[in-house]
Amino acid sequence: MNDALPREFYDRDVVVVARELLGKQLVRAAREGIALGRIVEVEAYVAQGDPASHAYRGRTRRNAAMFGPPGRAYVYAIHSRYCLNAVTEPPDVPSAVLIRAIEPLAGVELMARRRGMSRPRDLARGPARLCEALAIDRGLDGWDLTRGERLWIAEDAEGTPAAGRIASATRVGVSSAADRLLRFYVADSAFVSKRPRVSAAPPGQ
DNA sequence: CTACCGATTGACT
DNA sequence: GTCAATCGGTAGA
């Protein structure tokens with residue numbers, strides 16, 4: 001059950017992988033112990049025609065992992081914090097899934113210590129919070145997530161959420177391609193980082 | 001080399 | 001809701 005997902009899982013269309021990553025376990029094994037949580041929010045960054053992607057302007061030192069094989073981690077820094085992606089699709093097709101939030105399942109005390117706070121809901125709600133809680137930094141950039149060591153993704157006993165529980169929305173913090181619905185999250189999870197603006201939905205929704 | 005700017009977060013009105 | 005800290009990446013002089 002805690003086996004790492006195989007390379008073939010990641011070697012598919014990035015949107016398909018993004019949706020199927022919901023409900024999976026993100027597992028981090030470090031010297032201090034194991035910490036893991038259920039993925040509840042992701043964003044897809046596509047290889048072609050996506051100006052919001054770090055790979056849009058071609059390969060650089062930072063985004064090199066996105067151009068590598070599927071199933072590797074792409075870890076980048078922003079505002080002095082780190083964010084984790086899972087690389088998808090074949091080499092030289094630079095697509096990736098940003099892991100935006102997890103629901104802590106085990107190693108909660110360890111996560112709390114790393115975060116310097118303990119409210120479970122806020123431990124890993126957000127891409128950089130999640131990395132802090134799991135001690136993920138650029139040292140794990142390019143790490144092979146299929147090895148089942150240090151950092152990997154595994155099936156969870158609850159399985160993939162039913163399609164009706166999965167919502168899509170615009171990606172957070174991107175100014176280009178802002179209209180595309182490439183964020184996916186478990187609609188009824190309290191551990192999702194951001195909700196879409198309230199729309200003019202009729203009462204009772 | 002300098003200048004600009006985020007795939008963010010936490011503090012504050 | 002608004003706002004700025006903060007620093008690595010990137011582009012350009």
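FYI, side chains are in, hydrogens and waters are out, and symmetry mates aren't considered; it's all heavy atoms of this structure. Numbered from 1 within each chain, the chains take letters A, B, ... in sequence-line order.
- A salt bridge between A:Arg12 and A:Glu89 is absent, with no side-chain N of the basic residue lying under 4.0 Å from a carboxylate O of the acidic one.
- A sub-4.0 Å separation between OP1 or OP2 of C:dT10 and a side-chain N or O of A:Thr60 is present.
- A donor-acceptor pair under 3.5 Å links the side-chain atoms of A:Arg129 to the main chain of A:Arg125, judged by distance alone.
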Side-chain donor-acceptor contacts of residues 67-86 of chain A below 3.5 Å, not counting sequence neighbours, with atom names and distances?
residue: A:Tyr74; atom: OH; partner: A:His54; partner atom: ND1; Å: 2.8
residue: A:Asn85; atom: OD1; partner: A:Leu98; partner atom: N; Å: 3.4
residue: A:Asn85; atom: ND2; partner: A:Tyr74; partner atom: O; Å: 3.2

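- Looking at A:Glu43 and A:Tyr45, their side chains do bring a donor and an acceptor atom within 3.5 Å of each other.
- By the 6.0 Å and 45° rule, A:Arg147 does not stack over the aromatic ring of A:Trp152.
- The shortest heavy-atom contact between A:Ala112 and A:Ser118 is CB-CA, 4.0 Å.
- Electrostatic pairing of A:Asp156 and A:Lys24 does not count as a salt bridge here, judged by no charged N lying under 4.0 Å from a carboxylate O.
- Within the structure, a side-chain polar atom (N or O) of A:Arg138 is placed less than 4.0 Å from OP1 or OP2 of C:dG9.
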- Heavy atoms under 4.0 Å is the rule here; annotate nucleotides 6-13 of chain B 5' to 3' with B where the base is hit, S where only the sugar-phosphate is, and - elsewhere. BBBSS---
- Nucleotide-level pairing of DNA chain B, given in dot-bracket where Watson-Crick and G-U pairs need both distances under 3.5 Å and | marks other strands: ||||||.|||||.
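- In this structure the side chain of A:Phe9 never reaches within 4.5 angstrom of the side chain of A:Thr146, judged on heavy atoms.
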